[in-house]
Amino acid sequence: MLTKELEKAFEPAAAEKRLYDYWVKNNYFHAQDKSDAPAFSIVIPPPNVTGMLHMGHALNNTLQDVIIRFKRMQGCNTLWMPGMDHAGIATQNVVEQELKKEGISRHDLGREKFLARVWQWKEKYGGVIINQLKRLGCSCDWERERFTMDEGLSQAVREVFVRLYNEGMIYQGDYIVNWCPRCHTAISDLEVEFKQDQSFLWNIRYPYADGDGEIVVATTRPETMLGDTAVAVHPEDPRYKDKIGKMVILPLMNKKIPVIADDYVTMDFGSGAVKITPGSDPNDFAMARRHNLEIISIMDGHGIINEHGGSYKGQERYEARRNVVADLEKEGYLVGIEPYGHNVGQCYRCKTDIEPMVSKQWFVKIKPLAKQAMNAVTKKKTRIVPATWEATYFDWMTNIRDWCISRQLWWGHRIPVWYCDGCGKVIVATIDPDVCPDCGGASLRQDEDVLDTWFSSSLWPFSTLGWPKRTKALKTFYPTSLLITGFDILFFWVARMMMMGIYVMKDVPFHDVYLHALVRDEKGEKMSKSKGNIIDPILMIDQYGTDAFRFTLAAYTAQGRDVRMSPERIEGYKFFVNKIWNAAKLTLGSLADFDPEAPCDAPDSLPEKWIKARLNKAITDVIAALDEYRFNDATAAIYHFIWHEYCDWYLEVSKPALYGKVGPEQKSVTQRTMKEVFGIMLQLLHPFMPFVTEELWQALHLHNSDENSIMVSAFPTAQAAWDDQAAVEEMEMLMEIITSVRNIRGEMRISPSQKLKVLISVADEQGKKAIEAGCDYIVNLANLESLAVDVNLAEPEGVATGVVGPTRIYVPLAGIVDIASEKARLEKELAKVDKDLEHSSRKLANHDFLEKAAPEVIAKEEGKLKSFQEKFAALETALKKISGISL
RNA sequence: GGGCGGGUAGCUCAGCUGGAAGAGCGCCACGCUUACACCGUGGAUGUCACAGGUUCGAGCCCUGUCCCGCCUACCA
């Protein structure tokens, strides 16, 4: 039945390409808009168009593909929705860099031409990552690929903006926001990264206007004093109680500002008085609103002091700091400087120090949305896995502040708001208006700003399915079944999808969220370009093959744990692929004369019963693990079964049958079983190692249906008929006997090629029968010349003794090895058992234990004690005997 | 300042609702037995961070301490 032989080793590179093309050609990744099969859907965390595949992506998408393939094989109508994110700031930066090389800025080009350039860039270089995902084996429904700037998705953005606006959930206003002086845009609170900075605390004196002394304030940002509009103290502070309401002179500016009282001030910090700069500090801004203080912005968007900064106008902010400090000192206002460590906010994208600035921005009123998003998790409509993240989610949602959604960029969804030059009317619409609905004027200007990239991402679970159109896909796949993403974007993305999904769709965006950890290097450090410890996933794929790489990622994904990636580990699993390949070669060779059509009614013999029972266990374990996203447990179960049960034991024990030494009937039974078990094994492994499993599935003609591909075959289920505890125990008893002989061989340094004559003593006739039935297995695997079994055999002279339960294994040593080494071996064994025995008996001598422990625990302990006692006695007898001889 | 996670074999980690510890890699010894040396067989290794407590019994539960990560926060 088989035509071609397998190559010496699996060649990943060629096979991967061929098989992936084959899958795509056969449309296996495609999900049906409507189907009788249960729907299962995942939307991909859309990578940035500018992105290249890194370890985080590799992990994230491997896990998704594992689940997707698993569910697809389980018969679900499975959708993995792929796509990309336009990544406003990142992409705009890339193209601006490109322009810079040509010596021009985006302003030289103008908005329209610049955007044309970005699109051009996107078509040409964007989406490299999509092809990289294909190399990872991702079975996304590529026909449905979406981009956040697509027509449809842009429509969804407008639709949601208008709805939020009309319902009073979006507002515009002058507020203090996080401003990046390099990107020239506002960013949200989340996009600010705080970094420890060793700086100074400058203490400055502000004299009272009436000449009656002074007040000292401390600041980490002396240059902002140019915009101070008050000094604040705590209302209860006895030092300042009578100063409240007085005026002080603002140094350098020669301006009078009031002393106000606010309990925001901490009395025991510094002098207990704080300068208030509403234009440059969020807290001061809040205070200014409470006290109706003047709000002065002393800087422009580039971080340069403007006309409100007096003589410092035109100076860059840090230059201004130096000059302000120098002048304060010169004029005697500087009281002192002390070293001070504090946090400085930086732009997450370009690491420039953030400048809090007052500007007109659009905001989403977030509290009502957050409340619903929390409810959904409380009521388990969405389950967060691992559950430890729930606390973080709730905490963030509880303390959330309004979301600044406007960005002063060009690349992105332009805010659908127009202003009428004629009457000043504000028009908010999903379709570009031609004329003002109020005055009919045609001179309309659209808002210059675009929306935060995360605004469109937050709609991803339904916008990709066609919303606002009521598509079949939307009906079938929303809410999606599962989201798999890194915990680092829990707030950025997951939380916002929750809010928007519930707000727009009236239902949660996904039932389960699985949050995985970060991939670090082998020393546990975060990978970064600057550290130079980046491991390129594509390089790993080239080197070890996709299957080994994916298996490694899954194997090291324990819940809530970081993944420490190291090439050595991947290599280890490459060896596993090789092992499977070679097992297939043996299987394939052995099946050469197997006729699957010819009926073989012969019953399974012991090894067949055993391997099927063990396979059942593997199936059960893998399914249970995957159902709970315990990826490492699933890989461990498969690895152990394939290597240590199927290869190490079943194949070894079956070799005589395969080589025709046992008879044609047993050969057929073995062939039948090998084929079945090997096929199921491949199916279990397929979600993790899609390529090698497909290759072997086809090479071995394991499919039974018209569908040739393993990826659309039915995922295995445990079969009750295969559970056979008696067979497992009997087989494992034989295995222990074999191991026992091998142990003696190894410990005594008996050459593997030295055939042994072994005697076995059993407790009863039943035991005798069992061993006799397994005699051939023992002879073969322990490499014996002969094996004799009898009930209660007297211990012979000059033997090494092994103990397995009630069974004694005697290996005659005459002429093979000296007695002393057996004595040493027995003593070692004995010491081990003695320790166990001691513990067990002490436990059973304890009255409290006997009274209070569960009966089954006591029974188990009694069983243990008995077997320890037996073993001890047997070893002791053997030792006495052998000692007697040596004397 | 709050919160979360972690400290288990040389390394990387498993260990579910408590019944005296496991895997992979590495290490040591032996071995080219017709799938595989990307292999086989055997072996060694742990006061489960520390100190108390609960319990008949704790790696697992409670309290405290010490380290290590991460997230979060307006003490100028």
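Numbers restart at 1 for each chain; the letters A, B, ... are given by sequence-line order, proteins then strands. Model, not experiment: these values are computed from the prediction.
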Which nucleotide sits closest to the side chain of [X]: [options]?
X	options	answer
A:V857	B:C75, B:G19, B:A73	B:G19
A:V274	B:C74, B:A73, B:A76	B:A76
A:N578	B:A73, B:C74, B:C36	B:C36
A:K828	B:G19, B:G43, B:C38	B:G43
A:T266	B:C75, B:C74, B:C13	B:C75
A:E747	B:A76, B:C70, B:G43	B:G43
A:K574	B:A76, B:G24, B:C38	B:C38
A:T392	B:G42, B:C71, B:G19	B:C71

Give a yes or no on whether a donor-acceptor pair under 3.5 Å exists between the nucleobase atoms of B:C38, that is its base, and the side chain of A:K579.
-> no
Separation between the [atom1] atoms of [N] and [M], rounded to whole Å:
N	M	atom1	result
B:C13	B:A49	P	15 Å
B:C11	B:C36	P	36 Å
B:C25	B:G42	P	14 Å
B:C67	B:G53	C1'	23 Å
B:C56	B:G31	C1'	50 Å
B:G6	B:C48	C1'	14 Å
B:U45	B:U63	C1'	33 Å
B:C66	B:A51	C1'	11 Å

Tell me every residue that passes ring-ring contact (aromatic ring centres under 6.0 Å, His included) with [X], counting only those two or more places apart in sequence or in another chain.
X	answer
A:F487	A:W389
A:F10	A:W581
A:Y556	none
A:H291	none

Within the structure shown, what part of the strands sits under 4.0 Å from [X] by heavy-atom distance: base, sugar-phosphate, or nothing?
X	answer
A:K655	base
A:N783	nothing
A:V217	nothing
A:A583	base
A:A636	nothing
A:D395	nothing
A:E652	base

Could you pull out all residues at least two apart from A:A854 that satisfy side chain to side chain contact (heavy atoms under 4.5 Å, CB included)?
-> A:E856, A:V857
Distance below 4.0 Å between [X] side-chain N/O and [N] OP1 or OP2:
X	N	result
A:Y340	B:A76	yes
A:H234	B:C75	no
A:N582	B:C38	no
A:K832	B:A44	yes
A:Y659	B:A35	yes
A:K8	B:A35	no
A:K585	B:A35	no

Nucleotide [N], atom [atom2] - distance to [atom1] of [X] in whole Å:
X	N	atom1	atom2	answer
A:I737	B:G42	CD1	P	15 Å
A:D268	B:C75	CG	P	14 Å
A:E785	B:U33	CD	P	19 Å
A:R569	B:C11	CZ	P	13 Å
A:W581	B:C39	CH2	C1'	18 Å
A:L651	B:U33	CG	P	18 Å
A:L588	B:C36	CG	C1'	15 Å
A:K661	B:U33	NZ	P	14 Å

For nucleotides 25-31 of chain B, tabulate all protein N/O to nucleotide N/O atom pairs closer than 3.5 Å, reporting atom names and distance.
unit_1	atom_1	unit_2	atom_2	d
B:A29	O2'	A:R749	NE	3.3

For A:E862, does the CD atom sit with more than 12 other heavy atoms under 6.0 Å from it, leaving out its own atoms?
-> yes
Within 6.0 Å of CZ in A:R401, more than 12 heavy atoms from elsewhere =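 Open: at most 12 neighbouring heavy atoms sit under 6.0 Å from CZ of A:R401.
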Quick one: on RNA chain B, does A:R221 or A:A584 contact a more 5' nucleotide (nearest heavy atom)?
->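 Its nearest nucleotide lies further toward 5', so the answer is A:A584.
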First encountered from the 5' end of RNA chain B, between A:T739 and A:D848 | A:T739
From the list A:L226, A:I204, A:L334, side chain to side chain contact (heavy atoms under 4.5 Å, CB included) partner of A:V324 resolves to A:L226
Bracket notation of RNA chain B in which parentheses pair within the strand, [ ] cross earlier pairs, and | pairs with another strand (Watson-Crick or G-U, under 3.5 Å) = (((((((..((((........)))).(((((.......))))).....(((((.......))))))))))))....
Is a side-chain donor-acceptor pair under 3.5 Å present for A:T277 with A:D228?
-> yes
Under 4.0 Å between a Lys/Arg side-chain N and an Asp/Glu carboxylate O for A:K843 and A:E861?
->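 Yes, this pair counts.
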salt_bridge(A:K835, A:E838) N-O dist < 4.0 Å =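 Looking at A:K835 and A:E838, the cut-off is not met.
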Quick one: list whatever passes salt bridge (charged side-chain N to carboxylate O under 4.0 Å, His left out) with A:E191, sequence neighbours left out.
->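 Result, salt bridge (charged side-chain N to carboxylate O under 4.0 Å, His left out) vs A:E191: A:R407.
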Residue list, salt bridge (charged side-chain N to carboxylate O under 4.0 Å, His left out) with A:E11, at least two apart or on another chain = none
A:Y639 and A:Y573 aromatic ring geometry - parallel, tilted or perpendicular at 30°/60° bounds =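 Judged by the thresholds at 30° and 60°, the geometry between A:Y573 and A:Y639 is perpendicular.
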